[in-house]
Amino acid sequence: MASHSWKDAYRGMSSDNIKGLVLALSSSLFIGASFIVKKKGLKKAGATGVRAGVGGYSYLYEPLWWVGMITMIVGEIANFAAYAFAPAILVTPLGALSIIISAVLAHIMLREKLHIFGILGCVLCVVGSTTIVLHAPQERPIESVTEVWNLATEPAFVLYAVLVLIAVFIIVFHYIPSYGQTHIMCYIGVCSLVGSLSVMSVKAIGIALKLTLSGMNQLVYPQTWAFTFIVLLCVITQMNYLNKALDTFNTAVVSPIYYVMFTSLTILASVIMFKDWDRQNPSQIITELCGFVTILSGTFLLHKTKDMVDGQLPLSVRPPKHMDDEEDGIDNESIPLRRQDTSSCTRSP
C-alpha cells in the first residue's frame, strides 16, 4: 500500500513541473554562484583601483566581475522561465537554495567560516525544499494568455490587488515620510506587496512566451503587453524601495525579512489567482506549509548565525556598513538593525 502511494505521488509530478523544478534549481545555482564570483572580482578590482564601497567603478574593467554578472543574468532568466512551467508555490520558495550555494561556495572559495548552525540551516532549507517539491500542485493547463487575464480579473484576485495597492499607497504616502528611516517594515512592505503582483505578471508573460514558441502566437493579444507594462512598473517600484531599504538598514536584517514577506505574499497571490490549492487535499496543503516554514527556519538560522564564532556572537559591535563595503568591495552583513553613521562607531546606550 505504501509502495502504491509512493508511485502515485511520483507519477503525479507532471513534465511541466519537472521542467520548472530544473529551471528553478538551475537559477539558484547560477545566482548563488554569481555572488561569490562578483565578490572575488570586486576584491581583485579593489586591489588595483578605487573600491566600489567608496564610490569607485574599477570593477567594470574586471573580467571576473562581468563573469559574475552574466552568471546572475542567466540565473534570473532561468527563474523567469521556471514560472512558465511550474506554479509559484513550487518555484518561489526554492530561491532559498541560492543562499545555501552562496554559503557553501564562500566557505570553499573565500575561506569564510560556515558555523555548525549554518550547516543546520542549510539542511533545513534542503529538507523544506524537498518537502515542497514532492507535494507541489500541478501546473494549471492554460491555452492562451487571455485565460491568465480572466484569472487575474476574477473578483477574488481583483480584491487582493486593490487591497495591495491601497496598502502600498498608505505606506508610501503616510508611513514612509514619518517612519521610513526607523521602521524596516515600511520599505520591505512595499517591495513585498508589489513583488507579489509582479510575479503573477511575470508568470503570465512566461506562459505567453512558452505558447508563442510552441506555435500559438500570444504577442498579438493586448493582455500580453498589459502584463509586460505591469511587470516593468512593479520591478521599478521594487528596486527603488529595496535600494532604500539596503541603504538605510543592514543587509543581514533586510535579506531574511524580505525573503519571508515576499515569498509568503507571492504564494498567497498565486493561491488566489491560479487556485493552486483547489486541486489538492488538506494533507498536501499542510505538508507544503510545513515545508515552507522549514525553509524559513533554515534561512533565519543561516542569517542569525553567520557572525558566530565557536558558538558565540561577537561581543563588540562590528564596523559600520560603509567600512565593511570599503574592505570587501560589496555589502557585508552586520548585526545592528540600522546602518551606523560615519561619525558613530559605538553602540549608543
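Computed from a predicted model, the values in this text were never measured in an experiment. We count residues from 1, following the sequence as given.
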Open item on the list: Let me check something: do V37 and M72 share a hydrophobic cluster, defined by ILVMFWY side-chain heavy atoms less than 4.5 Å apart, either directly or through other members?
Closed with: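 Different clusters.
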- [ ] Tell me whether L268 is reachable from V164 by hopping between hydrophobic residues (I, L, V, M, F, W, Y) whose side-chain heavy atoms are closer than 4.5 Å.
- [x]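 Yes.
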Is there side-chain contact between [X] and [Y], with heavy atoms separated by less than 4.5 Å?
{"X": "N17", "Y": "L21", "answer": "no"}
{"X": "L120", "Y": "L301", "answer": "yes"}
{"X": "Y258", "Y": "C191", "answer": "yes"}
{"X": "F262", "Y": "Q238", "answer": "yes"}
{"X": "Y259", "Y": "I295", "answer": "yes"}
{"X": "I176", "Y": "V190", "answer": "yes"}
{"X": "I73", "Y": "E76", "answer": "no"}
{"X": "P137", "Y": "F274", "answer": "no"}

Are the side chain of [X] and the backbone of [Y] linked by a donor-acceptor contact shorter than 3.5 Å?
{"X": "S270", "Y": "I267", "answer": "no"}
{"X": "T263", "Y": "T92", "answer": "no"}
{"X": "S98", "Y": "G95", "answer": "yes"}
{"X": "T131", "Y": "G291", "answer": "no"}
{"X": "H174", "Y": "I170", "answer": "no"}
{"X": "S28", "Y": "L94", "answer": "yes"}
{"X": "N150", "Y": "T146", "answer": "yes"}
{"X": "T212", "Y": "Q218", "answer": "yes"}
{"X": "E154", "Y": "A156", "answer": "no"}
{"X": "T248", "Y": "A245", "answer": "no"}

Task: side chain to side chain donor-acceptor pair (under 3.5 Å) assessment of Q284 paired with W277 - done: CA-CA 9 Å; Q284 290 175 306; W277 285 346; over 6 Å; no
Heavy-atom closest contact ([X] atom, [Y] atom, distance):
{"X": "G180", "Y": "Y187", "value": "O-CE1, 3.2 Å"}
{"X": "V199", "Y": "T266", "value": "CG1-CG2, 3.6 Å"}
{"X": "I100", "Y": "C125", "value": "CD1-CB, 3.3 Å"}
{"X": "A88", "Y": "M200", "value": "CB-CE, 4.1 Å"}
{"X": "A86", "Y": "V91", "value": "CB-CG2, 3.8 Å"}
{"X": "G298", "Y": "L124", "value": "CA-CB, 3.7 Å"}

Separation between [atom1] of [X] and [atom2] of [Y], rounded to the nearest 0.5 Å:
{"X": "I272", "Y": "L151", "atom1": "CD1", "atom2": "CG", "value": "12.5 Å"}
{"X": "S196", "Y": "L265", "atom1": "OG", "atom2": "CG", "value": "5.5 Å"}
{"X": "S144", "Y": "N217", "atom1": "OG", "atom2": "CG", "value": "10.5 Å"}

Task: Centroid-centroid distance, F227 to W149, less than 6.0 Å - done: yes
- [ ] Fit a plane to each ring of F173 and F169, take the angle between them on a 0 to 90° scale, and name the class: parallel (under 30°), tilted (30 to 60°) or perpendicular (over 60°).
- [x]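 Taking F169 first and then F173, their aromatic rings lie parallel (interplane angle under 30°).
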TODO: Sequence neighbours left out, what pairs pass ring-ring contact (aromatic ring centres under 6.0 Å, His included) with at least one residue falling in residues 85-109?
DONE: none
Should we count [atom1] of [X] as having more than 12 external heavy atoms under 6.0 Å?
{"X": "K44", "atom1": "NZ", "result": "no"}
{"X": "F157", "atom1": "CZ", "result": "yes"}
{"X": "F300", "atom1": "CZ", "result": "no"}

- [ ] Return yes if a side-chain donor-acceptor contact under 3.5 Å exists between E288 and Q280, otherwise no.
- [x] yes
